[in-house]
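Have a look at the structure below, then the notes.
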Amino acid sequence: MTALLTDLNPEQLEAVTWPHRSALVLAGAGSGKTRVLTTRIAYLLQAGHTQPQNILAVTFTNKAAREMIARIGAMLPVNIRGMWIGTFHGLCHRMLRAHHEDAGLPQAFQILDMADQLAVIKRVLKERSLDEKTLPPRQLQWFINNAKEEGLRASQVDARGNFNQTLAECYRAYEAISMREGTVDFAELLLRSHELLSRNEILRDHYRNRFEHVLVDEFQDTNRLQYKWIKLLAGSGLQQHAAIFAVGDDDQSIYAFRGAHVGNMRDLEKDFNVPKIIRLEQNYRSHGNILDAANALIENNKGRLGKNLWTAAGKGELVRVYHASTDMDETSFIVDEIKALHAEGLALSDIALLYRSNAQSRVLEHGLFNASISYRVYGGMRFFDRQEVKHALAYLRLIALPDDDNALLRIINFPPRGIGARTLEQLQDQAGELGTSLWQAALKACENVKTAAVRAGQSGRGVPGFASLVLSLQQECEGLPLPEIIRRVVDQSGLVAHYQAEREGGERLENLKELINAATSFVHEAEDDSLTAFLAHASLEGGEHQAEGHQDAVQLMTVHAAKGLEFQTVFISGLEEGLFPHENSRNEPNGLEEERRLMYVAMTRAQQRLYLSYAESRMLHGQVRVNVPSRFIDEIPDDFLKRLRSSFSGGGYRQALTGTGYAAPSTTSFASTRHQRNSDGNAVTKMAAQRLSGEGFHIGQQVSHTKFGTGTILNCEGSGADMRVQVNFRQAGTKWLSLAYAKLEAL
DNA sequence: TTCCTTGTCGCCCGG
DNA sequence: CGACAAGGAA
């Protein structure tokens with residue numbers, strides 16, 4: 001016990017040993033928030049105040065949940081299994097699976113991610129022959145998700161006025177489709193779980209009796225529905241059974257755009273009679289100047305709960321501000337600084353490059369690539385988002401739940417089997433008449449033409465071919481282990497053959513193999529290794545497993561993605577009006593304050609060194625735009641800043657100082673390799689290809705091999721004698737070859 | 001039906 | 001600039 005509590009500062013100690021009643025912990029950036037949360041759980045268990053099965057801890061990201069589990073596991077030899085630790089979506093999903101009947105869902109209900117949901121919405125619009133111009137699909141998606149996050153069903157939304165009425169009708173149609181197909185989107189997980197608990201008294205009492213401690217991470221990011229869900233579980237007023245332990249920081253609330261409601265912090269105080277807010281204000285992360293600069297910035301916001309971070313560390317270095325002429329100039333400055341820092345011995349992985357929006361990564365990637373600096377981009381396309389993986393998953397979904405029209409539409413003609421728009425229309429008409437799913441309509445259609453069906457079924461083409469494929473997969477996969485099911489699906493569906501025939505299909509095939517690998521490790525790790533569980537995992541986790549995380553590489557990500565992380569050195573780029581703060585924020589209520597909090601989050605990621613940069617002009621949306629420096633820079637007192645500027649346009653700052661040139665762009669085609677990132681399912685460290693081009697080869701180049709024929713270089717790794725290249729041969733497929741042995745010739 | 005070209009429009013953050 | 005829908009040719 002004492003070992004658990006040593007090294008905690010007085011405020012942390014107070015939070016950890018807080019009695020069995022609700023608490024609100026205002027935890028500043030770098031103040032040991034996660035430590036308090038996990039130590040509190042360990043303390044409760046070790047002191048015998050509670051049992052693992054009586055604890056519920058909820059976070060926003062899978063990563064945070066995993067970290068929490070790992071840290072508790074390291075502190076206590078306790079069975080984590082009994083605890084409910086996970087994301088809001090994960091826990092709601094768990095609850096809905098357990099009580100799917102009470103929740104009105106089929107046993108194998110499927111989860112729609114954003115892209116799936118958008119596809120359904122496009123179907124709704126098409127069905128109602130609504131033009132994409134009069135009602136953009138994204139707007140409808142936003143409307144539906146927002147309504148759900150407010151706890152509103154289609155019948156409850158405001159339908160006054162023509163436009164609102166259209167929206168409400170579309171929402172209603174969307175609800176009907178979801179119901180019929182047994183699909184559930186992200187917001188629906190929350191809403192349905194909430195409805196289940198509020199309607200079903202027996203279940204509600206069951207869970208209320210079970211959970212004595214409900215701990216909430218990043219409480220400032222909860223939306224209204226999530227807070228209601230928590231209240232329902234804990235009970236409130238005289239009904240209150242559980243103690244809520246909420247940890248958050250109003251200054252780090254950056255998710256208002258998706259419904260986060262900071263007001264929940266004040267509401268919690270009131271609703272649960274929290275006697276006082278515990279403030280964690282000692283920062284263990286950043287040096288003084290960085291912290292002071294961040295504090296000064298956030299002072300400009302109004303209505304804060306109020307806190308002032310301090311550090312026992314020294315002042316450290318000043319915050320550097322670089323004024324660039326162009327985005328290229330900005331990039332070359334950053335690249336040169338990284339080179340210099342790396343030469344001084346700083347690991348690349350200690351450096352983070354942050355930006356407001358994903359589109360900005362392009363220029364930065366380009367610069368890093370040309371300078372042969374390894375980098376890693378977080379948050380782009382994820383493994384389970386990839387086209388070929390989604391196709392494979394769609395087949396799997398049809399096996400689990402054939403009424404999922406969305407899945408069916410995705411692959412009924414992929415790979416192409418002669419089912420065109422015309423056939424599909426007939427099928428849809430019939431389904432509409434019968435009031436069934438497309439799959440039922442397809443079966444019906446096959447019955448009517450039995451002999452033809454048998455013939456076509458054998459050839460594998462047409463609707464009968466498709467139907468017999470799915471039927472036979474359904475039958476023979478019954479009871480098989482998951483990886484074997486997937487292997488058969490990708491094989492018999494013709495996906496593998498299709499991508500083999502495609503010139504650029506090599507990487508896609510690799511991803512299909514990787515899907516089987518993912519299933520194999522899923523089977524080993526998960527309690528429930530069913531197909532349905534795997535499909536849910538794919539939707540909820542998106543494939544954030546971090547392969548090659550050990551490689552030394554600069555970390556590129558958006559500011560949102562950086563929340564909760566820390567780095568020795570941080571660059572924040574693109575600090576221009578319109579970009580950061582983003583221009584869209586001007587029209588939103590309190591939009592500017594949210595942008596400022598975002599900036600605050602970005603700055604407080606840095607431990608020892610912080611760079612801010614902006615450019616006078618920048619390529620945006622395909623055209624050059626001239627920008628003014630961000631007001632956020634002006635809001636930081638000059639005492640904490642050191643201003644730098646390029647001596648001449650186009651040249652780097654360090655170039656001007658030292659004369660060490662910024663490497664001329666190599667012949668390596670950056671564009672041709674961009675889309676290859678993620679071949680392992682996530683952002684991959686990219687070894688730049690300069691060395692390779694020195695040997696006469698570069699990525700994207702055509703080469704020939706005595707045995708395998710001609711092909712294209714896809715990738716490379718290692719250097720010198722160990723260097724290997726990945727080549728996609730036209731005939732022989734994709735292979736890794738060692739340059740030391742294979743005789744490759746450039747074409 | 002399929003593949004390829006052309007054209008339009010959006011373009012911030014995410015589980 | 002890039003994703004994606006619509007339209008045209010084989």
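Just so it is clear, the model here is predicted, and its values are computed rather than measured. Convention: sequence-line order gives letters A, B, ...; per-chain numbering from 1.
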Q: Measure from the side chain of A/R382, starting at C-beta and using heavy atoms only, and say which of C/dA5, B/dG15, B/dT1 lies closest.
A: B/dG15

Q) Separation of A/K148 atom NZ from B/dG15 atom P, in whole Å? A) 19 Å

Q: Name the nucleic acid region contacted by A/M114, choosing base, sugar-phosphate or nothing; use a 4.0 angstrom heavy-atom cut-off, strictly under.
A: base

Q) Hey, does the side chain of A/R605 reach the backbone of A/F567 with a donor-acceptor pair shorter than 3.5 angstrom? A) no

Q) Quick one: A/F186 CZ to B/dG15 C1', roughly how many Å, whole number? A) 5 Å

Q) Just by protein heavy atoms under 4.0 Å, how would nucleotides 8-13 of chain B read 5' to 3' in B, S and -? A) -S-BBB

Q. How are the rings of A/Y227 and A/F219 set to each other: parallel, tilted or perpendicular (split at 30° and 60°)?
A. perpendicular

Q: Would you mind reading off the distance between A/L118 atom CG and B/dG14 atom P, rounded to a whole angstrom?
A: 17 Å

**Q.** Taking every non-hydrogen atom, the tightest pair across A/N223 and A/G259
**A.** CB-O, 3.0 Å

Distances under 3.5 Å between nitrogen or oxygen atoms of protein and nucleotides 2-4 of chain B:
{"from": "B/dT2", "atom 1": "OP1", "to": "A/G418", "atom 2": "N", "distance (Å)": "2.8"}
{"from": "B/dT2", "atom 1": "OP2", "to": "A/N413", "atom 2": "ND2", "distance (Å)": "2.8"}

(Q) If you only use heavy atoms from C-beta on, which nucleotide in B/dT1, C/dA5, B/dG14 is closest to the side chain of A/T423? (A) B/dT1

Q: Please state the P separation for the pair C/dC4 and B/dC13 - nearest whole angstrom.
A: 15 Å

Q: Starting from C1' on B/dT1, measure out to CD on A/E425 and report it in whole angstrom.
A: 14 Å

Q: Check the angle between the aromatic planes of A/H560 and A/Y255 and answer parallel, tilted or perpendicular using the 30° and 60° thresholds.
A: tilted

Q: If a pair satisfies side-chain hydrogen bond (donor to acceptor under 3.5 Å, both in side chains) and one of its residues is in residues 134-147 of chain A, list it, with sequence neighbours excluded.
A: A/Q117-A/Q141, A/Q117-A/N145

Q | Results of ring pair (Phe, Tyr, Trp, His ring centres under 6.0 Å) for A/F534 - residues two or more places apart only | A | A/F522

Q. Do you know which of A/Q252, A/K563, A/H261 makes side-chain hydrogen bond (donor to acceptor under 3.5 Å, both in side chains) with A/D221?
A. A/K563

Q: Starting at atom CG of A/L125, determine the distance to atom P of C/dC4, rounded to an integer number of angstrom.
A: 16 Å

**Q.** Sugar-phosphate only, base, or nothing, as touched by A/E149 at under 4.0 Å among non-hydrogen atoms
**A.** base

(Q) Can you measure A/D385 atom CG to B/dG14 atom P for me and round it to whole angstrom units? (A) 12 Å

Q) How does DNA chain C look in dot-bracket form if you count Watson-Crick and G-U pairs under 3.5 Å, write [ ] for pairs that cross, and put | where a base pairs with another strand? A) ||||||||||

Q: Report which part of the nucleic acid A/K563 touches: base, sugar-phosphate, or nothing (heavy-atom distance under 4.0 Å, all strands).
A: nothing

Q. Any donor-acceptor pair under 3.5 Å linking the side chain of A/Q220 with the backbone of A/D249?
A. yes

(Q) What is the separation between atom CD on A/Q360 and atom C1' on C/dC1, rounded to the nearest whole Å? (A) 15 Å

(Q) Measure CD/A/E541 against C1'/B/dG14 and give the value in whole Å, please. (A) 15 Å

Name the atoms and distances for all side-chain donor-acceptor pairs under 3.5 Å in residues 118-129 of chain A, with sequence neighbours left out.
{"from": "A/R123", "atom 1": "NH1", "to": "A/N406", "atom 2": "OD1", "distance (Å)": "3.1"}
{"from": "A/R123", "atom 1": "NH2", "to": "A/E181", "atom 2": "OE2", "distance (Å)": "2.6"}
{"from": "A/R128", "atom 1": "NH2", "to": "A/E169", "atom 2": "OE1", "distance (Å)": "3.4"}

Q) Can you check whether A/D329's main-chain N or O pairs, donor with acceptor, with A/S332's side chain at less than 3.5 Å? A) yes

Q.
Cation-pi check for A/F109 against A/R97: NZ or CZ below 6.0 Å from the six-membered ring centre and within 45 degrees of the axis, yes or no?
A. yes

Q: Using atom types as modelled and distance alone, determine if a side-chain donor or acceptor of A/R410 lies under 3.5 Å from a backbone N or O of A/A394.
A: no

